[in-house]
Structure formats: C-alpha cells, structure tokens
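One structure below.
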Amino acid sequence: MAVIALIGMPGSGKSSVGRQLARRLGWTFADADAEVERQVGCTIREYFERHGEPAFRDVEQSTLAGLLARDKLVLATGGGAVVREASRQALSSRAVVVYLRSTPEELMRRLRHDTHRPLLQVNDPMRKLRDLFHERDPLYRACARFVIETGRPSVKILAGMILMQLELAGVIDPSHDAGLDAPAVDP
Ligand code: S3P
C-alpha cells in the first residue's frame, strides 16, 4: 500500500506527525488542506466564507482522490475528510489509515488561539469541538486500521509509535525507517 493517511480532529497533529513520519520513511509528505488551497487559490477560511461547506467538501473529495493515487506518500487529511461516505471509502480502500485520537479538551488546549479553521470561529469553540468529536469519532474509527491516542507524547514519539505499529503489522519493512535525523523529502 503506497499511501499512509493520517485522519483525526483539527489540532490532533496530523501535519506535524505526518511530516516526521515521511522523513523517517524517506517518503513524500502531502497536506490535503494545502493542496485544496493551492487548487482554489485562496485560504480554506475564505473559501468557506465565499462558497460554503458543501462546495469545500466537493473540492476536498476530488483532491483526496488525486492524492490517494500517489506512491510512497504520507498524507495529512483535513479533519472533516471522513464526513463524506465516498471519501471514507476512498481512504480505507486506497491507504493505510491511521487515526490520531485526541480528546476535545486536549484539542481545545492546542487550538485556543486558532483563527484559521472556519468551523471553530464560533462563540463556544469547546462545545463545537465536543459536538464534532461525538459525530466523527465513530467515523474515524470505522475508517482507520490503526488508532493512536495522542495524549502527551511529542511529535517524534508519536511518529515512532506509528512506525512501530506499521512495522509490527507488516505494512512497512523495518529497514525503511531512516531514523530521526533523516532529511525531509519535498513533494
Ligand atoms: C476541517 C478541518 C480543517 C480543514 C477545514 C475543515 C474540519 O483541517 O480541512 O477547515 O471539518 O474539521 P485540519 O484538521 O487540518 O484543521
């Protein structure tokens, strides 16, 4: 399987852990949100404001389909990538899916100053995170082959935990782990 996809709530660390994982494997890293922004030519927040969430989900779905056809790719998805059945199907059939699972309280700690995520620009972001978590946790679980509780560990430790799971499950060859000091590979 040529794509490892990280899924999870906004703020769960998908991009930072994904980058580290790609570096350790010597694979390419891609961030689905950044790809969407490149395609639409504005930020996701602006796109939401101008066109609304369903239009964003359309672009997200087609962007994901393109990324899932790539090879030796670690992919950080947007937190809502599992909302659409078609995207869940595409993810679980085309990628090894890893769910970075964080509680709404942990997420709130990390996101309390965030101004980029359109869904969290509300009066009560904690409540929004709780609602999204309750709605999505079962979807993330249904889509994922591995579930990693993010808790306290650092990005490096989380990447190491994922690699260990992937190696134990025979998804990747242990000799592919290039170690902590491996250089980044740009897309
Ligand atoms: C979203 C999460 C964001 C981004 C968009 C919608 C969501 O990605 O795709 O704002 O529905 O949770 P991150 O998970 O990287 O914040």
Side-chain angles (χ1 to χ4, degrees), residues 1-45 47 56-84 86-102 110 116-117 136 139-140 143-148 150 153-187:
M1 194 71 83
V3 179
I4 295 170
L6 302 182
I7 63 171
M9 289 282 287
S12 56
K14 300 177 297 275
S15 301
S16 33
V17 173
R19 229 174 246 116
Q20 178 75 23
L21 198 57
R23 178 171 306 178
R24 295 266 303 253
L25 287 165
W27 288 19
T28 304
F29 171 76
D31 184 312
D33 285 344
E35 292 293 325
V36 166
E37 290 187 335
R38 213 182 341 254
Q39 276 183 37
V40 298
C42 64
T43 66
I44 288 176
R45 185 170 175 180
Y47 196 80
F56 167 76
R57 297 290 170 212
D58 288 340
V59 185
E60 182 177 50
Q61 188 178 334
S62 63
T63 304
L64 274 176
L67 289 166
L68 287 169
R70 302 244 311 250
D71 193 28
K72 293 197 169 183
L73 182 78
V74 177
L75 173 63
T77 61
V82 295
V83 167
R84 287 210 172 158
S87 296
R88 288 202 298 279
Q89 291 255 345
L91 278 163
S92 47
S93 63
R94 307 293 308 266
V96 176
V97 182
V98 180
Y99 171 23
L100 292 186
R101 187 171 188 273
S102 315
R110 296 189 205 137
H116 299 292
R117 291 167 169 95
R136 292 176 179 177
L139 302 178
Y140 292 133
C143 196
R145 178 155 166 204
F146 301 95
V147 180
I148 302 281
T150 59
S154 68
V155 167
K156 278 186 181 173
I157 290 175
L158 284 170
M161 285 163 66
I162 294 171
L163 275 172
M164 201 186 299
Q165 296 272 346
L166 295 173
E167 287 169 8
L168 284 172
V171 173
I172 53 164
D173 183 331
S175 64
H176 287 167
D177 182 358
L180 282 175
D181 301 322
V185 176
D186 288 327

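Just so it is clear, the model here is predicted, and its values are computed rather than measured.
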Just how far is it from atom [atom1] of [X] to atom [atom2] of [Y], taken to the nearest 0.5 Å?
X	Y	atom1	atom2	result
E167	I162	CD	CD1	12.0 Å
Q165	I148	CD	CD1	4.5 Å
R23	L21	CZ	CG	11.5 Å
S93	L68	OG	CG	7.5 Å
D71	T28	CG	OG1	8.5 Å
L166	M161	CG	CE	12.0 Å

To check you understand the geometry: which heavy-atom pair defines the closest contact between [X] and [Y], and what is its length?
X	Y	result
A95	A5	CB-CB, 3.9 Å
L67	L73	O-CD2, 3.5 Å
A69	R94	CA-NH2, 3.8 Å
I7	Y140	CD1-O, 3.5 Å
G78	A32	N-CB, 4.2 Å
R45	H116	CB-O, 3.6 Å

TODO: Output yes when a side-chain donor or acceptor of K14 lies under 3.5 Å from a complementary backbone atom of L75, and no otherwise.
DONE: no
TODO: For the pair E37 (side chain) and I44 (backbone), establish whether a donor and an acceptor sit closer than 3.5 Å, ignoring hydrogens and angles.
DONE: yes
Open item on the list: Could you work out, with side chain to side chain contact (heavy atoms under 4.5 Å, CB included) as the rule, every residue matching A169, not counting sequence neighbours?
Closed with: R145, F146, V171
Task: Sequence-distant partners of T150, side chain to side chain contact (heavy atoms under 4.5 Å, CB included), two or more places apart - done: L100, S102, E106, R110, L158
Task: Any residue meeting salt bridge (charged side-chain N to carboxylate O under 4.0 Å, His left out) with R136, in chain and number order, not counting sequence neighbours - done: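 Not a single residue meets the salt bridge (charged side-chain N to carboxylate O under 4.0 Å, His left out) criterion with R136.
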Open item on the list: Restricting to salt bridge (charged side-chain N to carboxylate O under 4.0 Å, His left out), what partner residues turn up for R19, sequence neighbours left out?
Closed with: none
- [ ] Dump the intermediate steps for side-chain contact (heavy atoms from CB on, under 4.5 Å) on V3 and L91, then the final yes or no.
- [x] CA-CA 9 Å; V3 179; L91 278 163; over 6 Å; no
TODO: Start with the C-alpha distance between W27 and I4, add both sets of side-chain angles, then the distance that settles side-chain contact (heavy atoms from CB on, under 4.5 Å), and finish with yes or no.
DONE: CA-CA 10 Å; W27 288 19; I4 295 170; 3.7 Å; yes
Open item on the list: Can you tell whether the side chains of R38 and D31 come within less than 4.0 Å, N to carboxylate O?
Closed with: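 No, no charged N to carboxylate O under 4.0 Å.
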Task: Which residues share a side chain to side chain donor-acceptor pair (under 3.5 Å) with S154, sequence neighbours left out - done: none
Task: Pairing residues for F56 by the ring-ring contact (aromatic ring centres under 6.0 Å, His included) criterion, not counting sequence neighbours - done: F48
